[in-house]
2 protein chains.
Amino acid sequence: MENHWKMWNAECAALEPEREILALEITTQMADKWLLWTLSVLAEEGSPLRFSRIMERVEGVSQKSLTKTLRQLERDGLVTREMFPEVPPRVEYTITELGLGMLEHVRPLWLWTVQNLENFERARRKYDERRG
Amino acid sequence: MENHWKMWNAECAALEPEREILALEITTQMADKWLLWTLSVLAEEGSPLRFSRIMERVEGVSQKSLTKTLRQLERDGLVTREMFPEVPPRVEYTITELGLGMLEHVRPLWLWTVQNLENFERARRKYDERRG
DNA sequence: CGGGATCCTACCGGATACTG
DNA sequence: CAGTATCCGGTAGGATCCCG
């Protein structure tokens, strides 16, 4: 991961490279295949959710990918993980305030995109005409 | 590309699957390695920029990746491409209103992330302590 | 100059099998 | 149940060469 956006975000020009990389990592992770879906499932629930319940709601995800996704979310403080030493084991995930804040700040971008869908569709049609 | 976020964006529940996929594609592309940097370079300039000028400013990008990035941007109407049949050839790229709008709507997310960097750093430190 | 074509590598994510 | 370990195909992206 390198030093993107450098000149763009003048506000953050003073940001140390290392921290800029972190910020970049956080934001780009949001585009990971299952991340936002997983996060939004937890947000919807509001209360703790077991691994298997999450997996049911995030349709199509593999355990491997869900585990990886939840690890990332936990690592960045967007989700908390609590393990109960029972048999069979129980693990519960809960979205944090930070996680809710993230969703809150992603949504406007998503809504704007949806509102401009016709622009995007038109652009793609024109492009396909030009190129074939 | 599948049917993510399904339940999350209640506002868009009525969205046809195909259009949801498009919206998802548009937004997740923003995390592509060179896309936002390229777009921001064009936004900064404001006026048309030649391929090689862009490549200078987006430090580290290969021609292949820059070409691919610009094609995507052009395809989605975020950038226009004008070719001049000269020798040697000249190609100019210009950001569109749609492109500027996109940047405008990505920036709040970026700023929020930067403002919460210490939260993320703290979360990662704690995580590393727990896990090692 | 602005790419296209090709080769190569790293990594992502799915499928499957195994385990505390 | 909630993972970990392993294999594997597809793809993103860098490097290089070539062409109008």
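These numbers come from the heavy atoms of this one structure, side chains and all, not from hydrogens, waters or symmetry mates. We name chains A, B, ... by the order of the sequence lines, and we start the count at 1 in each one. In this text the structure is predicted, and so the values were computed from the model without any measurement.
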How many whole angstroms separate atom [atom1] of [X] from atom [atom2] of [N]?
{"X": "Leu66(A)", "N": "dA2(D)", "atom1": "CG", "atom2": "P", "result": "10 Å"}
{"X": "Leu35(B)", "N": "dA12(D)", "atom1": "CG", "atom2": "C1'", "result": "14 Å"}
{"X": "Glu92(A)", "N": "dG3(D)", "atom1": "CD", "atom2": "P", "result": "12 Å"}
{"X": "Phe51(A)", "N": "dT4(D)", "atom1": "CZ", "atom2": "P", "result": "9 Å"}
{"X": "Trp34(A)", "N": "dC12(C)", "atom1": "CH2", "atom2": "C1'", "result": "13 Å"}
{"X": "Glu59(A)", "N": "dG14(C)", "atom1": "CD", "atom2": "P", "result": "14 Å"}
{"X": "Leu49(B)", "N": "dC1(C)", "atom1": "CG", "atom2": "C1'", "result": "15 Å"}
{"X": "Glu74(A)", "N": "dG3(D)", "atom1": "CD", "atom2": "C1'", "result": "13 Å"}

If only side-chain N and O atoms of [X] are considered, is one of them under 4.0 Å from the OP1 or OP2 phosphate oxygen of [N]?
{"X": "Lys33(A)", "N": "dG14(C)", "value": "yes"}
{"X": "Tyr93(A)", "N": "dC1(D)", "value": "no"}
{"X": "Thr67(B)", "N": "dG2(C)", "value": "no"}
{"X": "Arg53(B)", "N": "dC1(C)", "value": "no"}
{"X": "Arg71(A)", "N": "dT4(D)", "value": "yes"}
{"X": "Ser65(B)", "N": "dG14(D)", "value": "yes"}
{"X": "Lys68(A)", "N": "dG13(C)", "value": "yes"}
{"X": "Arg50(A)", "N": "dA2(D)", "value": "yes"}

Using side-chain heavy atoms (C-beta onward) and a distance below 4.5 Å, is [X] in contact with [Y]?
{"X": "Glu121(B)", "Y": "Arg19(A)", "value": "yes"}
{"X": "Arg124(A)", "Y": "Lys126(A)", "value": "no"}
{"X": "Glu82(A)", "Y": "Val91(A)", "value": "no"}
{"X": "Ile95(A)", "Y": "Leu103(A)", "value": "yes"}

Contacts to DNA chain D from residues 81-90 of chain A, heavy-atom cutoff under 4.0 Å, which residues?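 Residues of residues 81-90 of chain A under 4.0 Å from DNA chain D: Arg81(A), Pro88(A), Pro89(A).
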Do you know which of Gln29(A), Lys68(A), Met102(A) makes side-chain contact (heavy atoms from CB on, under 4.5 Å) with Leu35(A)?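 For Leu35(A), the side-chain contact (heavy atoms from CB on, under 4.5 Å) test succeeds with only one of Gln29(A), Lys68(A), Met102(A), which is Gln29(A).
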Passing option when Trp34(A) is tested against Val41(A), Ile54(A), Thr69(A), Leu39(A) for side-chain contact (heavy atoms from CB on, under 4.5 Å):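 Answer to the side-chain contact (heavy atoms from CB on, under 4.5 Å) test with Trp34(A) among Val41(A), Ile54(A), Thr69(A), Leu39(A): Thr69(A).
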Looking at Arg90(A) and Glu92(A), does any basic side-chain N land under 4.0 Å from a carboxylate oxygen?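 So Arg90(A) pairs with Glu92(A) through a salt bridge.
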Within a radius of less than 6.0 Å around CD of Glu86(A), do more than 12 heavy atoms belonging to other residues, nucleotides or ligands occur?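 Counting neighbours around CD of Glu86(A), more than 12 heavy atoms of other residues, nucleotides or ligands fall under 6.0 Å, so yes.
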Counting side-chain heavy atoms from C-beta on, which of dA2(D), dG2(C), dT6(D) comes nearest to Val91(A)?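 Closest nucleotide among those given: dA2(D).
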Have Arg75(B) and Tyr127(A) got a donor and an acceptor in their side chains that come within less than 3.5 Å?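 Checked: Arg75(B)/Tyr127(A) side chains show no N/O donor-acceptor pair below 3.5 Å.
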For the helix from dC1(C)-dG20(D) to dG20(C)-dC1(D), what angle lies between the axis at the first five pairs and the axis at the last five pairs, to 10 degrees?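 Here the local axes at opposite ends form an angle of 40°.
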Could you tell me whether a side-chain N or O of Thr96(B) sits under 3.5 Å from a main-chain N or O of Leu78(B), the two making a donor and an acceptor?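 A pair under 3.5 Å: yes.
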